[in-house]
Protein chains: 2
Amino acid sequence: MEIEHTPEACTKSLMAVRDTLDVLNGKWKLPIIIALDSGPKRFNELERMITGITPKLLSKELRDLEANEFITRTVYPTTPVKIEYALTGYSGTLSRVIAEMRDWGIQHRKKITGR
Amino acid sequence: MEIEHTPEACTKSLMAVRDTLDVLNGKWKLPIIIALDSGPKRFNELERMITGITPKLLSKELRDLEANEFITRTVYPTTPVKIEYALTGYSGTLSRVIAEMRDWGIQHRKKITGR
DNA sequence: GATAGTACTATCCTTTAGGATACTGCTATC
DNA sequence: GATAGCAGTATCCTAAAGGATAGTACTATC
């Protein structure tokens, strides 16, 4: 596990893992991040790309992602205003975590279904 | 992101990440895994170690973890029977995922609180 | 024979996540 | 002046997660 085993170190590791889980969890955060990975998008564009999401959930998740600094919300003062959501550089710090989760998920699915 | 961008590859990656999230999520799975990391434990031992958990939740999570082959449940036919829960080798395959999540969580917390 | 421990299950309740549906105020176009 | 698109908000509802509390069947000890 590579995790220290003093009670304090364990609690700290546990908190850190839970923080990460909280940040990535929910049904829509990863689909949104993936949708934005191909470039900045507008609200209704995202709503159309991510099948099944409702505007309420999209709005909420975009706020959460912005609060965690994974995306920016830019208002262009045209008439009418144009609002664009884009990934930040900070969202890139998740790539190793996501890659590990993807790899583990792939092998786990093979293990479960393959027999 | 190191993730391919054909729609199929994206969907597959997304599914894999969600699988991993599902397997690790919930309030108690990681605390149980960590508690068992210091050796096999009995039901009431775990209940005492993991502060706040109720027997209902402990029982449910142990079943989930067993179904995913992260732990084994061994019945010793003594009188009265003794039941021991232990981590499997397969639980070790999570170590890289957990380590990445822990590291990311630690730096994220620093970023959020440190200003 | 009462008390305590083991390994749970059962029932009820609250909280949270998520979804359905409708609507708002704005502008641009037909 | 009607319709459609943009960027959401408001209201209501259901389902799942999680918690509180009690109880079961067994045994071992005092």
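So you know, we letter chains A, B, ... as the sequences are listed, proteins then strands, and number each from 1.
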Exercise for the section: Please confirm whether A:Lys41 makes a cation-pi placement over A:Tyr85, using NZ or CZ under 6.0 Å from the six-membered ring centre and within 45° of the ring normal. Expected result: no
In whole angstrom, what separates [X]'s [atom1] from [N]'s [atom2]?
X	N	atom1	atom2	result
A:Leu57	D:dA10	CG	P	15 Å
A:Glu47	D:dA7	CD	C1'	9 Å
B:Glu45	C:dA7	CD	P	8 Å
A:Lys27	C:dT16	NZ	C1'	15 Å
B:Leu58	D:dG19	CG	P	12 Å
A:Asn44	D:dT9	CG	C1'	14 Å
B:Lys82	D:dA28	NZ	P	14 Å
B:Tyr76	C:dA7	OH	P	12 Å

Side-chain N or O of [X] versus OP1/OP2 of [N]: is the shortest distance under 4.0 Å?
X	N	answer
A:Arg42	D:dC6	no
A:Thr79	C:dA28	yes
A:Arg73	D:dG8	yes
A:Thr54	C:dG18	no
B:Trp28	D:dA17	no
B:Arg63	C:dT9	yes
B:Arg48	C:dA7	no

Completion exercise
Between B:Tyr90 and B:Glu69 the two heavy atoms that sit nearest each other are CB-O, 3.5 Å
Practice task
Could you please spell out the steps behind the side chain to side chain contact (heavy atoms under 4.5 Å, CB included) verdict for B:Ile112 and A:Asp19?
Solution key: CA-CA 11 Å; B:Ile112 295 296; A:Asp19 285 350; over 6 Å; no
Problem - B:Glu84 with B:Arg42: basic N within carboxylate O range, under 4.0 Å - result: no
Exercise for the section: Please figure out whether A:Lys60 or B:Ser59 has its closest DNA chain C nucleotide nearer the 5' end. Expected result: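 Residue closer to the 5' terminus by nearest nucleotide: B:Ser59.
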Problem - Touch class at under 4.0 angstrom, heavy-atom based, for B:Gly52 against every strand present - result: nothing
Practice task
Give one of base, sugar-phosphate or nothing for A:Ile83, where a contact means two heavy atoms less than 4.0 Å apart.
Solution key: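 Since only primed, P, OP1 and OP2 atoms lie under 4.0 Å of A:Ile83, the category is sugar-phosphate.
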Exercise for the section: Could you say whether A:Pro80 or B:Lys56 is positioned toward the 5' end of DNA chain D, judged by the nucleotide with the nearest heavy atom to each? Expected result: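 Its nearest nucleotide lies further toward 5', so the answer is A:Pro80.
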Problem - Residues, nucleotides or ligands: over 12 heavy atoms within 6.0 Å of B:Lys29 NZ - result: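 More than 12 within 6.0 Å, yes.
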